[in-house]
2 protein chains.
Amino acid sequence: MPEDVNGPQSGSSTECRAELPVLDRGVVHERADAARNRLRVLAAAERLFAARGVAGVTMDDVAAEAGVGKGTLYRRFGDKGGLAVALLDAREHELQQRIISGAPPLGPGAAPGARLAAFTEAYLSLVAAQLDLVLLSETSTPGARFRTGAFAFWRQHCRYLLSGAGTPQADLRADLLLAGLTAEQVRHWLDDERRDLATLAAGLAAAALALARPAR
Amino acid sequence: MPEDVNGPQSGSSTECRAELPVLDRGVVHERADAARNRLRVLAAAERLFAARGVAGVTMDDVAAEAGVGKGTLYRRFGDKGGLAVALLDAREHELQQRIISGAPPLGPGAAPGARLAAFTEAYLSLVAAQLDLVLLSETSTPGARFRTGAFAFWRQHCRYLLSGAGTPQADLRADLLLAGLTAEQVRHWLDDERRDLATLAAGLAAAALALARPAR
DNA sequence: GCATGAAGCGGACTCTAGTCCGAATCTCGC
DNA sequence: GCGAGATTCGGACTAGAGTCCGCTTCATGC
């Protein structure tokens, strides 16, 4: 396991540091060739994934399409999951912004319960829209899910809202809610059980509220 | 993906068919050599896993230790996860029996909420006791978790209890609760966050009850 | 400019899961 | 018993993820 996963790469999130853990791994000095290759790889991966599906693309394919060696790929992104994380970065960041400074009920201003329900629906739809990538990012390595910066953000947000709602053991319940929003689980509901996304979102939002209610 | 995963192998669960989906794939005719090899493989796997840990054992190792070809291994168990499922079979079956015909609050007789809490704790401790095997069985293949017979049992049981408690969307919430009991999640709580098993059990049982409460 | 050391590069290599198919073995009807 | 046909066996083979390390390229101080 490399220590440099997603090195300098998400270089646009510095506001909001005080409140929530948004990562901006030091935007130290990225060498020109490194930057060029990073962009090439990301573009190549996006192209290939779109064309052949995430499962139909090997790391060799990505390296070849990007005109880069495999070593470069791995030095940069750690593993296949790291590549997925990098590709998801923009979308996740956008949702993070809506949470931090967007309009209620997702953004600040609404009651914690309402915000939690809104978050549940918004996050579910992000996952559903990028199912394969999220799945890859969560399962490439055991426990990968818990190690991404994005996860830390979602968890922290849920904990905050649950605490605000007076929920006992907010930490645990935040994890429980997020466990239900795993790509694997969402895929199961959507594909295997053929549930309707909107209905699922409503059901999960209701469940989140049940979880949030303070002890009687 | 083979179609014969875990063929004739869990040949001891026929009672309780009416109430819950316990699988006993036809105990048709297992050839003598096949039976001998199945036992050898299971014994070899148990030995190796105990000695070197699940992660430190390859399928080649198991085949060699069992004195059997790799083809045999795969024909029999489908993949590494199938082997784990077979190894877990006995333990899971025992819990299933306690649920079906054991003493309350786990067994019949107690109120649905109490049974749900008891199930949560009992299942959590089963998972914790066999973390590596359960992890393997759940993650060897995407969606593997949802395909095992054992999972169908746990889910059905939770659905039944939640319905009995008057919970809206019992199906969805059963899945949500079980999502919090995946090996990945449990491992995270136990190993990464170093939570205490007993406290975790209590917290999850409480969360299960919150999930179970009927809409106000 | 240019020397120099650090960072980045890339492709050959390893390791393991999973597949395939000819050969061996078993079961059943006679 | 015994032959026929299906089932099982087993090890060589494939594919793809991830590692390694000598070579190249860059950025900085002079």
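Labels below follow one simple rule: chain letters A, B, ... track the order of the sequence lines, proteins then strands, and each chain is numbered from 1.
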Requested in this report: Identify which nucleotide among C/dC9, C/dA17, D/dC9 has an atom closest to any side-chain atom of A/Ala34, counting heavy atoms from C-beta outward.
Outcome: C/dC9
Query raised in the report: Taking the side chain of B/Thr58 as heavy atoms from C-beta outward, which of C/dT16, C/dG18, D/dT8 is closest to it?
Result: C/dT16
How many whole angstroms separate atom [atom1] of [X] from atom [atom2] of [N]?
| X | N | atom1 | atom2 | result |
| --- | --- | --- | --- | --- |
| A/Phe77 | D/dT19 | CZ | C1' | 18 Å |
| B/Asp79 | C/dG18 | CG | P | 5 Å |
| A/Arg75 | D/dT19 | CZ | C1' | 12 Å |
| A/Tyr74 | D/dC21 | OH | C1' | 17 Å |
| B/Leu83 | C/dT16 | CG | P | 16 Å |
| B/Arg76 | D/dT7 | CZ | P | 13 Å |
| A/Leu73 | C/dG11 | CG | C1' | 13 Å |

Are the side chain of [X] and the backbone of [Y] linked by a donor-acceptor contact shorter than 3.5 Å?
| X | Y | result |
| --- | --- | --- |
| A/Gln96 | A/Phe153 | no |
| A/Arg173 | A/Leu211 | yes |
| A/Arg187 | A/Leu135 | no |
| B/Glu92 | B/Ala150 | no |
| A/Asp61 | A/Thr58 | yes |
| A/Arg52 | A/Val57 | no |
| B/Thr167 | B/Ser163 | no |

Query raised in the report: Between B/His93 and B/Asp89, does a side-chain hydrogen bond (donor to acceptor under 3.5 Å, both in side chains) hold up when you go through it step by step?
Result: CA-CA 6 Å; B/His93 199 74; B/Asp89 189 68; 5.4 Å; no
Requested in this report: May I ask you to list the residues of residues 59-72 of chain B, by number, that have any heavy atom positioned under 4.0 Å from an atom of DNA chain D?
Outcome: B/Val68, B/Gly69, B/Lys70, B/Gly71, B/Thr72
What's touching nucleotides 23-26 of chain D from the protein side, N or O pairs under 3.5 Å?
from   : atom 1 : to      : atom 2 : distance (Å)
D/dT25 : O2     : A/Arg31 : NH1    : 3.4
D/dT25 : O2     : A/Arg31 : NH2    : 3.0
D/dC26 : O4'    : A/Arg31 : NH2    : 3.4

Report summary line: the helix from C/dG1-D/dC30 to C/dC30-D/dG1: angle between terminal helix axes, five bp per end, to the nearest 10 degrees, reads 10°
Query raised in the report: 5'-most contact on DNA chain D: B/Arg40 or A/Ser140, nearest heavy atom basis?
Result: B/Arg40
Query raised in the report: Should A/Glu193 and B/Arg155 count as an ion pair when the cut-off is N to O under 4.0 Å?
Result: yes
Requested in this report: Hey, can you tell me if A/Phe146 and A/Phe151 have their rings parallel, tilted or perpendicular (30° and 60° cut-offs)?
Outcome: perpendicular
Query raised in the report: Hey, does the side chain of A/Asn37 come within less than 4.0 Å of C/dC9's phosphate (OP1/OP2), counting only N and O?
Result: yes
Query raised in the report: Between B/Cys158 and B/Leu116, is any pair of side-chain heavy atoms under 4.5 Å apart?
Result: yes
